[in-house]
Amino acid sequence: MINATSYDILTTIMSRLELTMEKRLDFEGLTRQTRRLDFEDGLTDLHVGALFLVMSLAATFFFSASGLTWFTKALILQPDITKVALVGIFGCFLLVAFGSRRLIARVRREYIWKDRGEIVPLAVGVDRWVHVLAAAAFLILTTLGLWVLLRGRSGDEAILRLLVAASGVATGITYLGMGLTLRLNRYLYVGFAGGLLSGVLFFFPLTFSGSWLVFGAIWTTVLLISGLYALQRIRRDMAEANHD
Amino acid sequence: MTDFTLPSKFDRMIHQPVRLAIIAVLAGCESADFTFLLHATEINKGTLSKNLSALEEVEYVAITKGYKGKIPNTSVKLTAKGRRAFTRYRRQYRRFIDSVGER
């Protein structure tokens, strides 16, 4: 007579045999492969790099002494026009951000994914734990940095610069996490280089606006190199496939 | 006593290679078209259609038929119910594989 426990063991052995005898499907790999498509061709890197550039240039301008003076003057002299202009600039930024997603989708449909069919990538392509880790790193770095800086009575610029550097390190951790979860080696290099350079930024005597400019330069350059490298590889693969 | 779900008690709608492949691909995107699913899963048209219908019946996927320009296009999306079922399946599967000492 077979009791419940023996039955369980027997079923387990049978199931194990069933799972090992037939070629086991790497379904995790299939999911990963599909998720990776949005990052594989480098277009997303170029898109994010361009957004970093625009954002950092805007921050550099608005946080610089001349930018702040200009903005204050404009707000006093022409408040309505300035507000409309600000909303307009922000609207343009959103338009570029979302418009270029559409452009990327079109380029993929017509050139890169031509015969392969197409997908709509996940709205958030990064795992939640990666975001949590990046946010935790940002908080720890800023808290620790603030504590050290306040004890040493450092200037305001150093404290503000710390925020920019911590943002860069958090961005680097995000890319490292993406590289690990999606198994994209390119993003390991992007995360390491971008995060490290952003961290080093803190040790240079830069103004707040200057540190935004350097932050933008670091991330735009790193993502531009990564994007162009990936795009080049895709183009080579496509040329080889056409040749075959 | 076992602390894992036996494969015989897995969700049979997912624990079948063809349907598992379809759902695994769909879990990695918002939606995919029929051509993409054909390439990604390496299943033939008939089998893919049959299994998509089965998954649609249990509301694991939503199928939208339309046109891209003048070309007919079928778009498939994993529903919230399907995503939950797949997450549960993955958890059960991993726990089972871990329990038998294999990865």
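Just so we're on the same page: letters track the sequence lines, and every chain starts at 1.
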Which atoms of [X] are under 4.5 Å from chain A, going by heavy atoms: the side chain, the backbone, both sets, or neither?
{"X": "B:F86", "value": "side chain"}
{"X": "B:A21", "value": "both"}
{"X": "B:K77", "value": "neither"}

Exercise. Does a side chain donor of either A:T181 or A:D127 reach within less than 3.5 Å of an acceptor in the other side chain?
Worked result: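 There is no such pair between these side chains.
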Problem set entry | Test item: side-chain donor near acceptor, B:Y60 and B:D11, under 3.5 Å |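 On atom types as modelled, these side chains qualify, holding a pair under 3.5 Å.
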Problem set entry | For B:V61 against B:T79, the heavy-atom pair lying closest together | C-CG2, 3.7 Å
Problem set entry | Passing option when B:H15 is tested against B:F10, B:F96, B:Y93 for ring pair (Phe, Tyr, Trp, His ring centres under 6.0 Å) |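 For B:H15, the ring pair (Phe, Tyr, Trp, His ring centres under 6.0 Å) check succeeds only for B:F10.
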Problem set entry | A:E28 versus chain B, the contacting section by heavy-atom distance below 4.5 Å |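 Just its side chain gets close to chain B.
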